[in-house]
Undergrad: 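Below is one structure. I have some questions about it.
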Amino acid sequence: MTEKNFVITREAIDIEAVVNKVADRNAGAINTFIGTVRELTNGKKTLYLKYDAYIPMAEKKLAQIGEEIQRDFPAAKVAITHRIGELAIADTAVVIAVSTPHRADAFTASRYAIERIKEIVPIWKKEHWEDGEEWIGDQLEKRSYPSGKPEKEDL
Amino acid sequence: MIKVLLFADLEERAGQRIVEIPTAEMNIADIRRYLLDKFPQLSASIRTAMPAINEEYAADQAVASSGDEVAFIPPVSGG
């Protein structure tokens, strides 16, 4: 099977297909993270979102996240699909699936993957409101880039 | 010729995604200056963008050669 585990797509994401990519006889857990489009951010109502990506680099960086996870958890299997284009409220934007022999590692790795996507993967979202639109920048919340960009060790 | 890609608000401000620079070699800092010259409206956003050469993040001193693909990556917001 040569199906890609790290994908940027313009189509609706088939969640089960992503999960199936990490199915493994030695897995004791598959952790699935589903990122969805939220209507309200700080009281402001989003009508819809548009995602764009530098597709080949984004897929490469998603694969890098998979490798980073396997460095910590060699038995882990990882699959990530991120959707781009126009998305409506409640649509699925990203699906991360991680399988590991024991559940704690799957939770940890899945969390790591979504945080890392927000650091290094060239994907951007543009929020469209009733009164305007804007490309959203760094929204990690827990971390800021003092120099305005990721530090070397972040990449 | 060096191919430069602009994304998100950089693309929108410049009005184009692809800029071709007819040169054999240029480092990232000079490419930034070249773009600012051509598109002064990029001034705020190009400073916070991360450069990449051939799909890998690169430093300001890194040199791109003809045939390379350079990209300026504004702060990302996927997920």
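Below, chain A is the first sequence line, B the second, and so on; all start at residue 1.
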Undergrad: Which heavy atom of I120(A) sits nearest a heavy atom of V76(B), and at what distance?
TA: N-CG2, 4.3 Å

Undergrad: Flag yes if L36(B) and L6(B) sit in one hydrophobic cluster, no otherwise; membership is Ile, Leu, Val, Met, Phe, Trp, Tyr, and two members link when side-chain heavy atoms are under 4.5 Å apart.
TA: yes

Undergrad: Find out whether Y57(B) and P122(A) are in side-chain contact, i.e. whether some heavy atom of one side chain is under 4.5 Å from a heavy atom of the other.
TA: yes

Undergrad: Check for me, please, whether F7(B) and I46(B) land in the same ILVMFWY cluster - side-chain distances under 4.5 Å, paths through other members count.
TA: no

Undergrad: Judged by atom type as modelled, is there a donor-acceptor pair below 3.5 Å linking the side chain of Y51(A) to the main-chain atoms of S77(B)?
TA: no

Undergrad: Of all of D52(A), T36(A), I117(A), which one pairs up most often with chain B through heavy atoms under 4.5 Å apart?
TA: D52(A)

Undergrad: Tell me which donor-acceptor pairs under 3.5 Å the side chains of residues 95-104 of chain A have, and how far apart each pair is, sequence neighbours excluded?
TA:
| from | atom 1 | to | atom 2 | distance (Å) |
| --- | --- | --- | --- | --- |
| S99(A) | OG | V22(A) | O | 2.7 |
| T100(A) | OG1 | H102(A) | O | 2.6 |
| T100(A) | OG1 | A106(A) | N | 3.2 |

Undergrad: Taking atom CG as the centre, does N42(A) end up with more than 12 heavy-atom neighbours from other residues, nucleotides or ligands that are less than 6.0 angstrom away?
TA: no

Undergrad: Identify which part of Y54(A) has an atom lying under 4.5 Å from any heavy atom of chain B, answering side chain, backbone, both or neither.
TA: both

Undergrad: Under 4.5 Å, heavy atom to heavy atom: which of residues 9-20 of chain B reach chain A? Give them by number, or say none.
TA: D9(B), E11(B), E12(B), R17(B)

Undergrad: When clusters are formed by joining ILVMFWY residues with side-chain heavy atoms under 4.5 Å apart, either directly or through shared neighbours, do I73(B) and I28(B) land in the same one?
TA: no

Undergrad: Hydrophobic clusters here meaning ILVMFWY residues chained together by side-chain heavy-atom distances under 4.5 Å, can you tell me if I13(A) and I84(A) are in one?
TA: no

Undergrad: Does NZ in K126(A) sit with more than 12 non-hydrogen atoms of other residues, nucleotides or ligands closer than 6.0 Å?
TA: yes

Undergrad: Without swapping roles, check the side chain of K118(A) against the backbone of G78(B) for a donor-acceptor pair under 3.5 Å.
TA: yes

Undergrad: Could you check whether any side-chain heavy atom of W124(A) comes within less than 4.5 Å of a side-chain heavy atom of P74(B), counting everything from C-beta outward?
TA: yes

Undergrad: From Q64(A) CD over to E56(B) CD, what is the distance, rounded to the nearest 0.5 angstrom?
TA: 6.5 Å

Undergrad: Tell me which of these, V37(A), V121(A), I80(A), V94(A), has more heavy-atom pairs under 4.5 Å with chain B than the rest.
TA: V121(A)

Undergrad: Should M57(A) and I53(B) be counted in the same cluster of Ile, Leu, Val, Met, Phe, Trp and Tyr side chains packed under 4.5 Å apart?
TA: no

Undergrad: Taking side chain as everything from C-beta outward and backbone as N, CA, C, O, which of these in A53(A) sits under 4.5 Å from a heavy atom of chain B? Side chain, backbone, both or neither.
TA: backbone

